[in-house]
Amino acid sequence: MTNAVSAKRRYLALWFPFLSAERLRIEEPDCPTLTPAPPPDAPLALIIKVKGALRLAAVDARAAALGLAPGLTLADARARQPGLIAAPFDPAADRAWLARMVRCCARWTPLAALALPDGITLDITGAEHLFGGEAGLAAEVEDTCTAIGMSCRLALAATAEAAQALARHAAAQPLTDEAAAIRALPVTALGLDPAALLALRRAGLTRIGDLAARPAASLAARFGAEAVTALRRLIGEEQAPLVPLAAAAPLRFRRRFAEPLTHQGALAHHFADLLHEAAGVLEERRLGGRCFSLALLRSDGARHRLDIETGQPCRDPQLVLRLFDERIAALADPLDPGFGYDGMVLAVPRAEPLAASQPGLDGSARDATELAELIDRLSTRLGPGSLRRLAPQDSHIPEQAQRALPAIDAPAPACWPALPPGEPPLRPLFLLDPPQPVEVLAEVPDGPPHRFRWQRKLHEVRLYEGPERIAPEWWRRRGGEYPGQAGLTRDYYRIEDAAGRRYWIFRHGLYEECSGPKWYLHGLFA
Amino acid sequence: MTAPPVFAELAAATNFSFLRGASHPHEMVARAHALGMTGIGIADRNSLAGVVRAHRAWQAVGGQAGSFRLILGARLVFADATPDVIAYPQTRRGWEQLTRLLTLGNRRAAKGECQLFLADLLAHAGDLALVAMDGDAALLGALRAAAPRIWLAATMPRGGSDTRRLAQRMALAERAQVPLIATNDALYAAPGDRPLQDVLTCIREGLTLQTAGRQLAANAERHLKPPAEMARLFRACPAALHATRDLLDGITFTLGELRYEYPREPVPPGWEPQGWLEHLVREGGRSHFPDGLPAAYQRVLDEEFGLIHSRGYACYFLTVHDIVRHARSLDPPILCQGRGSAANSLVCYFLGITPIDPVQERLLFSRFLSTERDEPPDIDVDFEHERREEVIQYIYARHGRERAGIAATVIRYRQRSAIREVGKALGLSEDVTARLSGTVWGSWSSGELPETRLTEAGFDPANPELARLREMVARLLDFPRHLSQHVGGFVLSETRLDELAAIHNAAMPDRTFIEWDKDDLETLGLMKVDVLALGMLTAIRKSFDLLRQHRLADLTLATVPREDPATYAMLCTGDSIGTFQVESRAQIAMLPRLRPRRLYDLVIQVAIVRPGPIQGGMVHPYLRRRNGEEAVDYPGPPGEIESVLDKTLGVPLFQEQAMKLAIVAAGYSPAEADALRRAMATFRNNGTIDQHRLRLVDGMTARGYPLDFAERCFKQIEGFGEYGFPESHAQAFAWLAYVSSWLKCHYPAAFTCALLNSQPMGFYAPAQLVRDAAEHGVEVRPIDINASHWDNHLEAERVLRLGLRQIGGFREDWAGKMVAARAAGRFAGLEDLARRASLPARALQLLADADALGSLGTNRREAGWDAQRIVPVQLPLFAAAQAGELRAEAAPALPAMPLCEEVVADYQTQRLSLKGHPMQFLRAGLAASGVLDCAAVNAARDGARVRAAGVVLVRQRPGTGKAIFITIEDETGVVNALLWASELERQRSAVMGARLMVIEGEVQRSKEGVVHLMAQRIIDRTALLDRLTAAEPARPSRPRGHPRQVRVIPKSRDFH
């Protein structure tokens, strides 16, 4: 660092050798997957399926210390370490985690970039003096990482590539002579493909210094121009700009008024303006809001807050405005402007991807949206829990075959099992919960009911159809795979009494399964 | 009182409706019989694969003689939305129609599928009884016009609206003038089978029980229901029940009617097959005995002729003779040798099918082909593995594809696959099932998943999920999973095969197989010729070729000098690397103890290291008697079993002997003994074993045999069930073992060369073979661009030149171009080679890395550096110039390559090195810490405590798994170490993970001089290997996959 010039840049590289494993330990402290709880000091590996075989994709420090390395098959690893815990490898989650860490690095420098798959590069040029010089900054970064449970190795260098290479491959820290350290790096640091690496090693060229001493043309002829570029960046002969990870600005839009406004029309006008602005930004980012929050700032310091939610991502100002109108209309206490509002803030705390859309010319796509809008309006007016929608569930057991979910969260209804044309409905729309016991006179062993008593009233069965036999879900019961231990089978009958009322009742248990099966009424047909 | 209801289930599926039916065919038949049905109709989805098993089960409950009927057909599932139709052949002609129909559908579709259309059925329905499972008046009308008899199925599945549906069906039947037939559309035998059926559904659809929802059946109703229950369900329509009897009554066909005609071999005019066979055999006999047959031979021959004549097997022997004759008539001829029960006959010996003289070896043909056991003869013929396909194509060409087909193999659920699939269906993670399915080490052989395995893998056996897994795995075991083609069993027929059985497409193009496996064929009495591939025959043929080429000897399999003392002397010292059958670790240890001196000793040698004799505890008694430490005696009544056991000193070693003991000593009939063998082989977990144990052991003790002997005999039979090994096979293998040993003894260079050229085969890697050759005085020369061919070759009797095929990734066509270009003169350098042989860059790099430029004086490092630069794609403009295009470059001045790196690079490119052994570079350091080399360990006194180090060649945990065998190698030899399994847990990581290990233990030397190192401590020193390369990678960042290049030493051969 003798001829330091103003253009000289400094980079700090962070490498997380156990990113995946430590990320998992932090995010999911009680590791899932296993039946008996694993001992806390068991080695952990993340596994991935490669051509039908499970292989280790990443390991934690303990596993690495025991000699397990990525690439090993899980079977081989288990053969050596039967106590190994394995969890699925999730590169997307690792990447997201890394991106979050990059954003945290904004406290040290705005120029922070991902070094995939498991590193971060910081351009600290001109920032280090704020933290007591390079060493002080490095120490602070390291402490922060260790504090959250991420082991990391750091290195400083004049190029981003060199810093990363030193962090990953250098033998000793801290550095005294940076240039010498770079020259002592193994050729792996170039990041070439395995064939090229092997060729270099076979040629006896194992250190970066061995390569730097040779004519560039002889390298380019064998390994391409990229190899030369990589080498030049490593030894500091070439700079590549760092592409910092841009943090997405929060979706907040504000207006300050020159003087407090009390007039509702004026407020509505400004609010509509805000919504248009928000819609523009959302469209740019291909997003739609699922939740909008409006804060009205009163001149005396009071804050009124209104929230709305939508069932589907949306950014249409008219629609959002209408929902806010519903919300305001439903308020128990009307908003009191007092001496007037001097500002308003619109935030979109929850947004989801929404492609730019073009409505069909004939407006045919409107029907579904109209229902969604109705759900939004009713939910806004009545509260999200009050409006429910039945969702079909894939089960033979009647009470499990449908669930009532808050309409605003429920996904678009899946297909209900279709009835053959001309068939009467086999089940009532609504079921009694729990089913009500009835006294029944029926044929033994599995004949239909003749009459039954429900709520002290006797009903003569005039017509019946059945039974529809539904066996219990044996796999939910301990030992259910053995005959007789699965639970009780139900025989459902659809019946009509003398007054023409229709019922759905069942016998709980076959005679083979229990001695005196009980009967229950499970629903009424409309 | 009314008569008891009459009903037969005629839509019963078995587990040959893969992943739908949840009961074995025999379970369905037995249950239907027990329930008092009048019969059962087995109909699997587009398949007749299970019918023979059903037929066998039916014979067990009375068969033709009883009143219970079995009809066999198929449930036709269409590709064109036509509802399923069940088809039963009424007569033999109907059977033909059905098999041809299924064949048509199978051949149209990919392997394992069947694509049928309604039109196909209508064209083949002339003699079929049909049951439409669903459908409208139009379909019924079409079927009625095509088939003589048709019904419409009615079911009462307890779906809620059964009565209404039955009424609709009745109306439809009335309208279409088609009678209704009652069925329960059964998928399993008893209601308790529903969980298994649910699991099968999940496996089929790739779901878990928790998510499958309504894809599973709502209830457990699809079992076989008793006639009374069916009568109650169908009280609105009793006629539907009676219809089952109508359907049964119209069907006369049974499988017994499949009159199978073995193809008539063409014989010269004026000859009958029997006469022609006898003529050929006598001709052959004359070549063995020019002065006339001795009386003993004549007697055996007459007996064999009589048997063959009475059973009409002449054509079968003629076929085998024809195949063998054809293989030998090719240029160059294909080596082959027969084995199997019928192969050890004088007929086969005189026909040249086998080189074993059965009279001299006292093998009794009639014992294996008795009239009591109505079983077709069985001859397996081994061919050179690289050329078997030519033989197969010959058979197809000669008999036609319609008349020749390969038998099927039923792929069944085994422990591992069952755990994996059931685990998935139960929603367990793949990791958990992988842990359980025996990847840890060794799988258990039979029965339920043992609790110890669960605890070993770190699970709580009381966990209900795991208990469920165990139970469902036990139920799924042995279920057929799919059909595959047999390795080489051919079925030949005089008539079209597709009129006998349905034919499927195999995965290989142009291959077809018939739906039945070898047990089915045996049941039906269909004859099969096994055309098998054997690597050692290839190696032997290549050895003979080399000997002929270098004018060293002119030999055939039959003319190799017999009973050569030098060969036996070599074997007695355990020097058998590379030979056939006697080369494994256990065999090498056995050789000095058994000390073979004649061919029959080798027969025993080959047979003794097998599960049967080992589990029966017969090995040590035999060795003691052979060494004269124990008197030869025969347990039981005097003289009773002497004739059975006299060849093996009173100890049963062969499968035939064990079976014969069951007959002679335990009072089994031959047919019962056969059933015993079958029970051991197939139904391993259904309780019959215990019955057999009682019967055999009690039978023998009652007749005066010691209990211990009887117990051991039973254990041995059990062992044979796992891996049957009869004397007839041992005889054939022993001869090849002898021939290969003879070659190794007298022509080690040629033999090693042939072995290397036949890889992959055998037990040892090229490195060990080359090293063994070098130890036997063979000079092995390195690969060189100016000397090597694709194959390894001999440069003199004892000089072996390695070939280009040893370079991993090199291609034969590159080698061909090199040899062709070399005809015009030696290559002067890499660039010259690239231009003249027009090789791609990859080839040049491989050659350079393999150090194949030695003859030019170019070292590996420089050659490799140059090869990286050469771009051999010639632009047409420059091609004419034929001049070097590359700009001259200053001398690279690369650092010299140290020898240890050379050795490592040799291993990486060729998996062997002539320059040294990796261990020699570590020797100084190891010796300083008191580690002995392998030679010193092998020379140490008995009981010495030593430490040895070496690279791991083999880790093995055989059979019962009480001990782990580890073989390590260094520059001086190999050490065989043995670690007790109880010691494994403490050192598992080192034992399993090390590629280079230090073993601490005690030397154990047997009196025959076999040395074992009884390991006490194992230390993983793999890190030392990394020091051999100057490269760093103490901490490699993240290697992807397993490129061979990252290993210094190829992976050891481990048997998990």
Side-chain angles (χ1 to χ4, degrees), chain A residues 33-36 47 49-50 54-55 58 66-67 69-71 74-76 78-83 86 168-169 186 188 194 198-199 201-206 215 218 221-223 393-396 417 423 426 465-471 474-475 478-483 486 489 491-492 494, chain B residues 158-161 163-164 191-192 194-195 209 213-214 218-221 426 429-431 434-435 439-441 456-460 463-468 471-472 849 861 864-865 868-869 889 892 894-895 897 905 988-989 992-993 1020 1029-1033 1037-1043 1045 1056:
Chain A
T33 63
L34 276 192
T35 335
I47 52 174
K49 197 160 195 166
V50 184
L54 292 174
R55 288 184 184 277
L66 291 166
L74 179 63
D76 283 344
R78 277 267 158 70
R80 295 192 212 167
Q81 297 294 337
R168 284 158 201 263
H169 302 287
T188 350
L198 183 71
R201 230 175 263 165
R202 285 260 164 80
L205 307 174
T206 57
S218 77
R222 288 171 177 82
F223 310 109
Q393 304 285 310
D394 196 6
S395 171
H396 287 293
E423 285 278 314
L426 287 173
E465 187 170 74
E468 179 185 0
R469 184 160 290 178
I470 297 176
W474 58 270
W475 57 91
R478 192 178 187 118
E481 61 275 17
Y482 296 103
T489 303
D491 268 350
Y492 278 91
R494 300 190 294 136
Chain B
R158 302 286 198 189
S161 46
T163 326
R164 202 144 36 90
R194 167 184 172 236
L209 286 167
R214 278 164 300 136
N219 53 41
E221 295 298 303
L426 295 182
S429 80
E430 208 166 333
D431 173 44
R435 275 178 96 155
T439 45
V440 174
W441 210 355
E456 244 176 54
F459 295 102
D460 174 12
N463 179 315
E465 283 288 300
L466 292 176
R468 182 165 298 142
E471 171 66 20
M472 298 318 290
D849 281 348
R861 199 150 256 186
W865 191 244
Q868 285 293 333
R869 192 167 71 121
E889 203 178 52
L894 299 168
M897 195 177 222
R988 179 180 271 278
S989 182
M992 297 303 297
D1020 181 356
T1029 50
E1032 86 299 344
S1037 46
R1038 49 176 75 234
R1040 293 282 176 213
H1042 256 207
Q1045 271 69 10
H1056 286 174

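Predicted model only: the values in this text are computed from it and were never measured. A, B, ... follow the sequence lines: proteins, then strands. Residue 1 opens every chain.
Proximity to chain B (any heavy atom under 4.5 Å) is shown, for A:T489, by neither the backbone nor the side chain.
Put simply, of B:G192, B:A218, B:A905, the one with the most heavy-atom pairs under 4.5 Å next to chain A is B:A218. Counting heavy-atom pairs closer than 4.5 Å to chain A, the top residue among B:G213, B:A220, B:P464, B:P195 is B:P195. The candidate with the highest count of non-hydrogen atom pairs below 4.5 Å against chain B, out of A:K49, A:E465, A:Q393, is A:E465. Most heavy-atom pairs under 4.5 Å with chain B: of the set A:I470, A:L426, A:L54, this distinction falls to A:L54. Chosen from B:G864, B:G159, B:G160, the residue pairing most often with chain A at heavy-atom distances under 4.5 Å is B:G160.
For A:L66, the side-chain contact (heavy atoms from CB on, under 4.5 Å) partners are A:P43, A:Q81, not counting sequence neighbours.
Formation of a donor-acceptor pair under 3.5 Å by the A:D491 side chain with backbone atoms of A:P467 is not found in this model.
We find the CZ-CD distance between B:R158 and A:E468 to be 12.0 Å, quoted to the nearest 0.5 Å.
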Self-check item: Derivation and outcome, salt bridge (Lys or Arg N to Asp or Glu O under 4.0 Å), residues B:E471 and B:R468
Solution: CA-CA 5 Å; B:E471 171 66 20; B:R468 182 165 298 142; over 6 Å; no

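No side-chain heavy atom of B:R194 sits under 4.5 Å from any side-chain heavy atom of A:P483.
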